[in-house]
A.B. asks: 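Take a look at the following structure, please.
These numbers come from a predicted model, not from an experiment.
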Amino acid sequence: MDFLTRGYTALRGEKGQPQSVDDTVEKLADCLETATLLEDRRAAVLSLKGLVRDYPAIVGSKCFAPLIKTLHNDFRDGDIVKSILETINILCTVQYQGSHDDQGYHYTDMFIKDATNVSIVLDVLEEFDFYVRYTALKLLATLSANRNAGVQQCVLTSPMGIARLVDLLSDKRDIIRNESLLLLITLTQNNTEIQKLVAFQATFEKLLAVIEDEEGISGGIIVQDSLTLMHHLLRYNVSNQVYFRETSCIQAIPGLLGYVGDSEADHVPFSYEDWPPQKVANTVLVLELCRILSEPDGVNTAVNQKIMAQCNTLLPIVQLGICSNAPSIVRTEALYAIAFLVRGNNANQDLLAQTVVASPLKLTPEGEVDSSAPPGLPRPAMVSLIATAVDSDPSVQYSYASRAAAAYTVIAAIEDHPEAQMVLASTLKTPPEDNANAQYEDKPFSAGSLLLDYIQNWELSSSDPYKVWFASVILSHVIRENDAAKRIAGDIVFGEEANGEEPVPLLHHIMAQMLMAIRNASTNARIPIAYLCLMCTWLYNSPSSVSLFLSESTHIQFLIQEAQSSANDPIVQGLAAFLLGISYEFNDDPQTPLSREKMQTILSSRIDLFTSALARLRDSPAIKNAPQYLQISAEDESISANTSSLPLLLLDSTFVDFFKDAYEPVQRSLKKKPSSFGPQRDTATPVGETSSTINKQADEIKQLTTEKTQHLEKINSLESKVAELEKALEAMRLENDNLRGQVSGLEKSRGELEQSLASIKEEQEDLLVCMGEQTMEMKKYKTRLRQLDQQVTDSEEEEEEA
């Protein structure tokens, strides 16, 4: 209790007299600066923590810097750190949201100005104490909420900061894990470097473990937060997508949606599911995850599409989008996920085309699933998608967003796949009158005949123009840039000669339908817009189709009238002028019933009017604001649902791109004289010769493909051999370098030995010289000894003689 006593003494003042808040805070700040005992500093911090809520301005102005200094000095003490972090958090909390002058922003800027302040808070996370970790996370969350970009830069300077934050995802205490999850969501927003650092801490595996612990999409808000963090890490981040794929996390996606095996009995059919709001939010995030991984034209899209198809991701998504009782938002996202999974991928497109699904569930008038209704006949997924788009199932209420998503899914299933276009075009035959399935209430249609059923009967769309609009958009994509598909559509006729009826080509029938629709004053402009867009796509770069179109003399006059009628919608006027321009530019067929010269005579006096209508269409909001992927915004959908109005979807974005590319050529062609065009194209080649040529070219292509495959195999084999030789060469280089190093060492040793040998030789020569000198000396001494010995002998002889 000593530190409480010290705090009370600081507040009491001299001789027990109360003192002002300013004086008290100033003394506490001085205590933080000068106190040598930890207990004194702890008491001062606790006192400031008690005062900061009532007097944040005074505490902040006098004690903010001392608090930070104490944090750096005493960050190992859990009690004082917890109190300091709580105090700073209160100072940095913004009291008045929207006010840029709030003191919370000011203190946040002061704190993150020095990156070491954020680093020390990240270091505090090493403490296992619950309250220390919790207060550190709350402070980081407050700082990030105020100045996220600045905090991101500070975090990047901390060597272990990201690792410590990610480690908290494994904390067994749910509150700590949840707070760290929320903080990581904030920090990973729009920062690629942090996203990479977070991902490469095995974060995906930890998040998948959290989702599994929380019961998958049926779990609570934690599942939603975990999926949101995955989105942040993967969206627009190529390296993280590669890491996600290489760590086999893509294979976990079917399990997130309830799929656990390969058979029909092993997955959840979603037919009678409960859909509380949290489950809806979680499911939508999983489906958006599939879209992120298969974003059109993405670097990793093709590989991700392949792996998702291999691990059976498509099946549960098809179930969700086509034959489930899921809410509209879930069905819409599921349909877009299917579209993204198959778009531009022929193998996945074929897989979808082969998929058979159950008929839609029957609903009661209250919107509940009618479990007593007999099950409908199974049908191809493509038929169900088209049925959804044109709203042909009266027992199921599809939103405009779901219908648009279904239409786009059909478009994605045939995009860049001419064979798929031909398959769908080959079904453009209406069922015969004696249809064996006529007894069924939901009698089967083929995909193409279902489209024609709505295109040829605009009255079916009188209350819902999007029936014919979606049908026309889909058909325009079926025949788009595909001459064979256009020929199949051109050969379709209505009326039996045997019954005394005059055969009417589909092309003429569409024009007749458009004429009747326009003459009906209550017709929505979307119906003629749909027909005109379809006709423009059909006739573009197709002289034979233009020739068929011009075989009915009233068509040109009708288009001229609609292009100059001020009663029409400007979009209808512009599209009518655009179709006239296309008809004039591509009127190259030698058998055309109306030559280009005659057309010029009819059009020449109105060229300015047509070009004006084209320019107005080019600058219209419908062209500028055409949504990608036929996507209807949630706001637009909500307005439509609440006011019974129609969405703002008027033009397909693909048609808009086509119009922008063709606008100038068509505008110029309207002003050109017939003589300015090149020679007419010869389109009168017999069908047999054309088929023979096509077959011959197909055989040549097949042969070239085989040769190309063989060459590629040889190239791959040679590349493998080259790689092996390069490896061997590299090994030899390394061995050579080692030998050179050894030789260099030996040469160095040899030099040293030679120097030693020379030195030894010199020493030997010196020794030999010394030995020679000593021998001479010894000889002298011997001679001297002999002389002395002789002298002694002579002396002795002399003495003896004496």
Side-chain angles (χ1 to χ4, degrees), residues 476 479-483 486 507 511 514 528-529 531-553 555-566 568-626 650-683:
S476 70
I479 63 176
R480 181 172 176 263
E481 297 179 357
N482 192 316
D483 292 336
K486 289 180 181 179
L507 200 62
M511 288 298 295
M514 181 167 60
I529 287 173
Y531 283 135
L532 285 167
C533 290
L534 173 59
M535 296 299 294
C536 289
T537 303
W538 193 336
L539 300 190
Y540 190 82
N541 200 23
S542 180
S544 59
S545 301
V546 172
S547 177
L548 178 62
F549 174 74
L550 295 176
S551 63
E552 175 56 56
S553 59
H555 288 168
I556 293 297
Q557 292 298 332
F558 168 66
L559 290 177
I560 292 173
Q561 179 182 350
E562 299 311 314
Q564 63 186 7
S565 173
S566 59
N568 282 335
D569 188 288
I571 299 175
V572 174
Q573 290 179 285
L575 289 173
F578 189 48
L579 184 55
L580 281 170
I582 289 173
S583 303
Y584 182 69
E585 180 180 4
F586 295 102
N587 189 13
D588 290 348
D589 194 285
Q591 300 178 356
T592 179
L594 184 65
S595 66
R596 195 177 271 137
E597 287 78 6
K598 292 181 181 179
M599 282 192 69
Q600 190 206 24
T601 303
I602 298 172
L603 302 177
S604 58
S605 62
R606 304 177 180 89
I607 296 298
D608 291 341
L609 184 147
F610 298 147
T611 55
S612 175
L614 284 171
R616 185 163 55 174
L617 175 60
R618 179 198 60 190
D619 298 333
S620 68
I623 291 290
K624 294 180 178 179
N625 303 327
L650 294 173
L651 294 173
D652 173 21
S653 60
T654 303
F655 179 83
V656 168
D657 294 337
F658 156 63
F659 173 79
K660 290 177 180 178
D661 292 337
Y663 169 77
E664 290 188 4
V666 168
Q667 187 186 50
R668 286 196 300 267
S669 69
L670 281 170
K671 299 178 181 179
K672 289 168 64 175
K673 295 180 179 180
S675 58
S676 301
F677 291 88
Q680 289 184 327
R681 311 176 195 187
D682 185 10
T683 58

A.B. asks: Evaluate the side-chain proximity of Asn587 to Phe549: yes if any heavy-atom separation is below 4.5 Å, no if none is.
C.D. replies: no
A.B. asks: Hey, is the main chain of Glu585 close enough, under 3.5 Å, to the side chain of Arg596 for a donor-acceptor pair?
C.D. replies: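 Looks like yes, one N/O pair under 3.5 Å.
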A.B. asks: With sequence neighbours excluded, what pairs up with Glu664 under the salt bridge (charged side-chain N to carboxylate O under 4.0 Å, His left out) test?
C.D. replies: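 If we apply the salt bridge (charged side-chain N to carboxylate O under 4.0 Å, His left out) test to Glu664, skipping adjacent residues, the hits are Arg668.
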A.B. asks: For the pair Arg618 (side chain) and Lys660 (backbone), establish whether a donor and an acceptor sit closer than 3.5 Å, ignoring hydrogens and angles.
C.D. replies: no
A.B. asks: Going through the distances and angles, do Phe578 and Tyr540 end up as a ring pair (Phe, Tyr, Trp, His ring centres under 6.0 Å)?
C.D. replies: CA-CA 10 Å; Phe578 189 48; Tyr540 190 82; 7.5 Å; no
A.B. asks: Tell me which one of Leu507, Ile529, Ile479 satisfies side chain to side chain contact (heavy atoms under 4.5 Å, CB included) with Leu534.
C.D. replies: Ile479
A.B. asks: So Leu609 and Ile560, do their side chains get closer than 4.5 Å, heavy atoms only?
C.D. replies: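 Result no, sub-4.5 Å side-chain heavy-atom pair not found.
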A.B. asks: Let me see the working for Glu481 and Asn541 under side-chain contact (heavy atoms from CB on, under 4.5 Å), right down to the final yes or no.
C.D. replies: CA-CA 8 Å; Glu481 297 179 357; Asn541 200 23; over 6 Å; no
A.B. asks: Looking only at heavy atoms, which two atoms of Leu594 and Leu550 are closest? And how far apart?
C.D. replies: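 Between these two residues, the closest heavy atoms are O-CD1, 3.9 Å.
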A.B. asks: Is there side-chain contact between Phe659 and Leu617, with heavy atoms separated by less than 4.5 Å?
C.D. replies: yes
A.B. asks: Does some side-chain heavy atom of Phe655 sit less than 4.5 Å from a side-chain heavy atom of Leu575?
C.D. replies: yes
A.B. asks: Any side-chain to backbone donor/acceptor pair from Ser565 onto Glu562? Under 3.5 Å, distance only.
C.D. replies: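 The answer is no, because no donor-acceptor pair under 3.5 Å joins these two groups.
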A.B. asks: Hey, could you give me the OG/CD distance between Ser544 and Gln591, rounded to the nearest 0.5 Å?
C.D. replies: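 Reported to 0.5 Å precision, the distance equals 10.5 Å.
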A.B. asks: Is the backbone of Leu579 close enough, under 3.5 Å, to the side chain of Ser583 for a donor and an acceptor to pair up by distance?
C.D. replies: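 Yes; at least one donor-acceptor contact below 3.5 Å.
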A.B. asks: Please list, chain by chain and in numerical order, all residues satisfying salt bridge (charged side-chain N to carboxylate O under 4.0 Å, His left out) with Arg616, sequence neighbours excluded.
C.D. replies: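 Arg616: no salt bridge (charged side-chain N to carboxylate O under 4.0 Å, His left out) contacts found.
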A.B. asks: Specify the closest pair of heavy atoms between Ala662 and Pro665, including all atoms of both residues, with the distance to one decimal.
C.D. replies: O-CD, 3.2 Å
A.B. asks: If you round to the nearest 0.5 Å, how far is OG1 of Thr592 from CG of Leu548?
C.D. replies: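 These two atoms lie 10.5 Å from each other.
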A.B. asks: Closest heavy-atom contact between Ser669 and Gly581?
C.D. replies: OG-O, 3.9 Å
